[in-house]
Every structure is written in C-alpha cells, then in structure tokens.
*Asks:* 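Below: one structure in structure tokens.
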Amino acid sequence: MSSTGNTGKSASNEKIAIAGLRPSDLKAILRGDQLEGTPNPKHLAHRLSFWFHFRPRNLPEAASRFTHTFHLGFLIFLFFLIELITGMILMVYYVPTPDGAYESILRLSADVPFGELLRDIHRLGAEVIIILVILHLLRTYLTDSFKGERHATWLVGVFLLVFMLGLAFTGYLLPWDQLAYWAVTIGTSMAEAVPLIGEELNRLFRGSIEIGADGLLRFYVLHVLLLPILCILFMGIHYYRVVRIHGISLPVHLDTESGQTGSQGGNNKSIRFLPDILLFETFVTCLVLLFLMTFSYFLYDAPLEHHADPSHTPLDVQAPWFFLWLQGLLKLGNKTIMGVGVPIAFFLFLVFLPYLGRSPRRKLRDRPLAMFSTGILIIIFVTLSYVGTHHYGIQLPPAVRITQDIMPEEGEGLLHTVPFDELRIGIYELDKIRSSNIPRSLSKVLSTLEKRIREASTDGYLSEAKAVFIIEDWQADLKRIALRIIWTNTKSDAPVTFERYIHLHRHR
Amino acid sequence: MRPLHLKDTYTYIATDKVMAHRLHTVILLGLLATLLLIAMVIYAIVHEPAKMSESSRKVAARSIETGAGLYDLHCRTCHGIKGEGIGQLGPALNDRPFFTERLKEVGWQDTLESYIISSSAHGRLIGTRPKYAGNESTAVMTPWLEDYGGPLRRDQIKNIAAFVMNWQPTALGKVELINLELPGVSLDDPNTINLGKRLFTESCGDCHLISDVSVPSRKAPVLDSIAARASSRQPEKSPEEYIRDSVLMPAEYIVEGFDPEILGYSCGSVLSATQLDAITAYLLTRR
C-alpha cells in the first residue's frame, strides 16, 4: 500500500488522538490500509487503550462469519449494556415500596419525558436478551463448541443463563401490578417446596409469608445490584476465556483434524479487529438501537395491569412466557418434584453436558443423539409452556370463561376493541337483537357472545342460556358495560345468573 | 498527512476485494441506520409533549375506571349507585352543591379532591347530616384507609376520588348523559311475582305473616289479604302506591294496635327498584 510507509515516519510528531493512535493512523485504519512499522500502530492500540486491550487483534475469518455464530454473544452483551443504561435511569424514578412502586411507574409514563419509552426499551430489551441467550446456548451446543477446553466457558455460560433468568424474574415484580405480583407469588412458592429448608428459603425471598415491603426490597436489590454484578463478572470470565484461552470455535467443516477448535487451529486466514470487527460492531449497534427505538416507540408497550392486590387473585394468572414451562411443570405434579427437582435436574444436566459425550466428531450429522435430544427438549419446552398457559387444565365455569374472554379482569378482551363512541347505549338481549343499526365493532362482540352462548347451550354446559349486554352512560366519558348470563341449573331447575360489569373510559 | 480520497478506497478494493467491499457496505448501511436513528430520536423529541399528555390522560382514565369499580363495592350503599345520595345516610356526590358549596360548608382550605381523599381515608369526625331518619343515630363517614382499620389502600382511595371528581362535568351541567331506557316491569308477570314471593320470605317474613309463606308473629300485621285491604286504607292512594310507600316507610301508616316502637328497621332501604317492584307485585296478588 502506498500510503502506509509514510504514515509511520512523517507523522511521528503527531499527538495521540485516541487509543494510542495518531489521527493519521486512525484515518489509515478506517480506510482499510495495512499499517506497518514497529511497533505496528494498530497493535499499539490494543496495548495502550484500556478498551481495546480487551479485544483480540485478529480473529480467524471463518470464526467471525455471520452464519456461524450470528454474533449472538456480542448482541447479548450489547443488549445487556442497554439494559444497564436504561435501568440506571429508571432507578432514579423508581420507588421500591408497595405504596410507591406502582405510582412511580404511572408517574414515569405521565410526568417523565421519555419515561415510558425508557421502560418500554428496558422491558423489550430484557425479553430479547432471553431469546438471544437461548439461541446462543443452542448454537454453542449444536456446533459442538462446548467440550474439552471449553467446558469451563460453557459452565460459566450456564450460570449466566441462570443469572439472566433471575434478572428477568426479579425485574418482573418491580412494577407491583397484579400481573407481576401473582406471577412472582407462583414463582416463589416453588422455593417453599424445597425439602427441609423450603420454608426458610421462601421467607428469605419474600421477606415474610406473603410478598410485601420486605420482599419487594429484596427483589429490587437482587435486580439492581447483586445479579448485575454477578452478570458483569461472569460475562468477563466468559469473554476472557473465549478470547484469550481457546478462541471462537471454527465452523465444523473448516475444523482441523487435530481436534483443535479454536483460533489457534489450522485456518490462517484472519480478519483484523481494526477496523473490520470494530466497524461491524458499530454497525450492529446502530441497527440494534434503531430497532429498539422504533419497535418500542410504535409497536411495544410494557404491560401494566391494576395495582397489586394481595387479597384478590385475578383469573388466568400466567407467568411471563419464558417461565411458562415452569408453570406447566407445576401444574403437572408434585411441587417438590416438578417445581424443584426437575429444574435442578435440568440445570445439572446443562452443567455436566460437556462431560457426557466425549466423541471428537463435531459435525451435527455425526451426532444423532445430540440432534435428537435437542429436538425433543425443544418440543418438551414448548409443550410445557402450553401446559403453563391458562388454556390448559384450568376449567373455569363456562359463564365465567365466556365473560373472561370478552371482558377480562385484567388486560384487554374483545370488548376493548370497540371504539368508545361505538359502545352505543342500550340493552342488548341476545335473542332479540335486530342488528340493523348497531355499529359493526359492537355487533362483532355481540355475535361472538351469541355464538359462545349457543355453543355452551348445545353442549349442555349452560342449559337454556340467555345473555344480556347492557351499556350505560355512567359519567362524563365513562360507560358501564354489564354482561349478564342466565341459565337453568339442570338439577334444581332454578335460574342461575352470572354478571360482571366493567367501566370503560374514553381515554383509557 | 495525506487527506483521505475516495480513490483510495477503490485501490483498496482492488487489492482485497472481499474485505473492502464488506467494509464499504457496513459503513454505508451504518450511516444510513444512524441517520434513521437520529430522525427517529428527533421525531420522538417533537412528539414527546403530546405523548406525555396522552399518557397522563390514560393514567387518569384508568384511575377513574378503577375508582368506579371500587365505588360500586364500597360507597354506593350510602352514597347511591350513581352518587345520588341515600336519604339522610350519605349526601349526594353528583350534584352541583357538592362541587360548589361543600368546601365552604365544612371549611376545607384545600381542593375538593384532597377533601374527598382525606374524608375517605380518615372519615369525618362529626356528621354534617341531620339525624338519620331511622334509629336516631347520626350517620358519620367512617375511616376507609387500611391504616385506620378500613379496607382500602391509599391508591384505591385516590382512584375513588378521581371517579367522584368525574361527576363534576355533569353536576355543573356541562355534559349531558344519555339515559338508558329501562323496560317497564309488568306487575302481572309471573316471574316478577315469584321473585317477590322469594324476597318477601327472605326479607319481610320475619315480622309479617302470610299463612302459606311464613310462621305467625305478633310484631306486624298479617298480610294475607293485603291487596284487598290496601284500597281502603288510604282513600287517596291506589293499592299499589300504598304498598310501595309502606315498604319504603314502614312508620308512615301504622295499623292500630301495633307498636310504632318496633319500626326501627327501614325495610325499603336495602331493596333495589326491581326488588321493590317484585315485592309490590307479589303483595298485590294477596287478595
């Protein structure tokens, strides 16, 4: 390269701009020039700069291919960083007491500029991390990059998985709404099932018999202090081992026959950190920020239900999606075996995985057992998650079920799809409706209701069932909607009524 | 130092095509993403005030919704289902005087909303109502906050206050509500009569006797043929009116020989309009 020679000499008196690099070096690097001279300025950056000294100077080109690692590790780190920053700002406004927590979240969305956006990003980012962590684990397992010298890295990774889930779980309680409170109550109830020390363990988490002020504070401290510190520490170890001890594994088809899987392996085509990897990572960071910003601004709202109420368990309580499998397990059997035994067994299985099979063959098609067991495990987790939802195994009385689907206690039902002005005042007896001038959105609710009632009637759950839907003007911009289902008790021949009403505000 | 020329990048591509091409694309796309991100941030900044006020509206709306449910559970038995007040038991909360006069009446210095919150939380020390019509006791608001033995948390009391405050537009005549047209109850409807019979047994049968329904008692008149007698009791009233009034105000027309002292219990105050209709319908069948 023509420009490289003079960079070293002519600019020798230039001041250092950043990372031990002179401005001219920096430009040359960004241009993609090969720098020369001893010491090579590029290597100087890795030696002199605190930030660059973490990073490897070169990586095998094959190891950094997108379709090999999908850069999942980097993405997790990036999202974790975003969580740290947004979390730190959210901490300023959050009050970790049962009286103040919920209100501080409301204040965040109403009174703090960008408060709602920050919370949305924090929540969305957390859910994305869980997905990325699972994918990272699967990628590492399926490309067989966890055995031999990598076993300790894998172990640290398994702990990181647990910490990440812990962060998600503890963070889930903090808004102190019904959703959070009851999901976490179910979650911590598993601690109770631990033999011998269950009660003490439960008390340790909750601070008392029920989750209250003490429990919230404990979850808060875990969420903002202990778990992040553990994560940072373990991420450091994890990364150090990957970069300094064994390198990123190479794609299987390029792997050397010696079985060496790292960057020290036989492939000698390499890619420079400066500028290739750095630029690529900056690029990915831009994309991720753009995604998070756009998605959480337009498409994602962090959920917030009613204020936590320890005296009222809402219907259809459901854990967050990443813990549904656990709720499914709890539904299937004994709390001690399913709630404690199976998760611990699975954790131990992951811990000892590197020592289970010691075959040197890495190609997935040579590892039928691995392929098969991964498939089975995914199916099991998906099934368990389904079992965990309220659709499985919980039989509400039919009238309650129908009402719950149309106007649920928490969250939104079919009724909430009707615009406020189309909730026309009136009494709608389902068997007498002439749908001529009912707004379409409302008539959709009514026809769904009618269909459900008819089905329940013909199936014999609700004999001779009738339903009345009453919409009243209650206050300025407030309507009260009552749904009354009347049927005949087949045993006593007496009429039975179930009624629920909700209030809907124009600006809800 | 040599300035950077676009030409250089091309020379570079020629030597290491793959990497340079990748670098190039990455820089271009990255710049594009950054520009989009900046645009997005500017968009967010511009729209933030509007978004915040929309959020405030939403928070207030949900507070009113929640308050409406809580009011229905805890407040309506004294203040009426729509805040219309019940006799001397609880004052109306949906009328003009409540929003214009109440603070002066009690000498409250702060806002009406803070008055509602404070009264609900701590109760009122002295009742400002005249004596309760029934049993000579004074109806005084009791504390509702859990700290003072009530059932409500502070946030719930705030929600109720938000709901009560939302009566202001209608109370001051700024907003007109649409009335729900209720279907008239037919007093001849056998279903209504059956419901009345059941309610009578549950609520009235303790004192009043109807031969085939309740056991004898000397506290109150036998109502076996009340429909026939009702027409002669008060000449200016129809039998239906007489029965309704007697249910609502038992002390109004005391039958001779019965002790007015036992009428501490207000029969009608625990009935809904439908239930009153049903009981009237049933009693009108007793000829």
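The shown structure was predicted, so the numbers you read here are calculated from the model rather than taken from an experiment. Every chain is numbered from 1, with letters handed out A, B, ... down the list of sequences. Reckoned from all heavy atoms, side chains included, excluding hydrogens, waters and symmetry mates.
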*Asks:* Do you know which of B:I38, B:V41, B:D155, B:V59 has the most heavy-atom pairs with chain A at a distance under 4.5 angstrom?
*Replies:* B:D155
*Asks:* For B:K158, is it the side chain, the backbone, both, or neither that has a heavy atom closer than 4.5 Å to a heavy atom of chain A?
*Replies:* side chain
*Asks:* Taking the six-membered ring for Trp and the single ring otherwise, decide whether the centroids of A:F280 and A:F74 are under 6.0 Å apart.
*Replies:* no
*Asks:* Report which part of B:N166 has an atom under 4.5 Å of a heavy atom belonging to chain A: side chain, backbone, both, or neither.
*Replies:* both
*Asks:* Check each atom of A:F291 against the heavy atoms of chain B and say whether the ones under 4.5 Å are side chain, backbone, both or neither.
*Replies:* neither
*Asks:* In Å and rounded to the nearest 0.5 Å, what is the CD1 to OG1 distance from A:I82 to A:T285?
*Replies:* 7.5 Å
*Asks:* Please state whether the rings of A:Y181 and A:W176 are parallel, tilted or perpendicular, taking 30° and 60° as the class boundaries.
*Replies:* perpendicular
*Asks:* I'd like to verify something: which residue of A:I427, A:D111, A:L117, A:L287 has the highest number of heavy-atom pairs under 4.5 Å with chain B?
*Replies:* A:I427
*Asks:* Looking at chain A, which one of B:A68, B:G83, B:P169 has the largest number of heavy-atom pairs inside 4.5 Å, strictly under?
*Replies:* B:A68
*Asks:* Which region of A:V284, side chain (C-beta onward) or backbone (N, CA, C, O), has a non-hydrogen atom less than 4.5 Å from a non-hydrogen atom of chain B, or is it both or neither?
*Replies:* neither
*Asks:* Between B:L195 and B:D277, is there a side-chain heavy-atom distance shorter than 4.5 Å?
*Replies:* no
*Asks:* Which bit of A:D309 comes within less than 4.5 Å of chain B, counting heavy atoms only: side chain, backbone, both or neither?
*Replies:* both
*Asks:* Salt-bridge test for A:R506 and A:D421: reply yes if a basic N is under 4.0 Å from a carboxylate O, no otherwise.
*Replies:* yes
*Asks:* Any carboxylate oxygen within less than 4.0 angstrom of a Lys/Arg side-chain nitrogen, looking at A:E103 and A:R107?
*Replies:* no
*Asks:* Please identify, among B:I45, B:N179, B:N159, B:L32, the residue contributing the most non-hydrogen atom pairs under 4.5 Å to chain A.
*Replies:* B:I45
*Asks:* I'd like to verify something: which residue of A:L106, A:I470, A:I471 has the highest number of heavy-atom pairs under 4.5 Å with chain B?
*Replies:* A:L106
*Asks:* Tell me if the aromatic rings of B:Y71 and B:W167 count as close, with their centers under 6.0 Å from one another.
*Replies:* yes
*Asks:* Where on B:I81 is there a heavy atom nearer than 4.5 Å to chain A: the side chain, the backbone, both, or neither?
*Replies:* both
*Asks:* For A:T282, which atoms come within 4.5 Å of any heavy atom of chain B: side chain, backbone, both, or neither?
*Replies:* neither
*Asks:* For B:L31, which atoms come within 4.5 Å of any heavy atom of chain A: side chain, backbone, both, or neither?
*Replies:* neither
*Asks:* Please report whether the ring centroid of B:H47 lies less than 6.0 Å from that of A:Y297.
*Replies:* no
*Asks:* At a 4.5 Å cut-off on heavy atoms, which part of B:R57 comes close to chain A: side chain, backbone, both, or neither?
*Replies:* both
*Asks:* Taking the basic N atoms (NZ, or NE/NH1/NH2) and the acidic carboxylate oxygens, is any pair closer than 4.0 Å for A:E116 and B:K58?
*Replies:* no
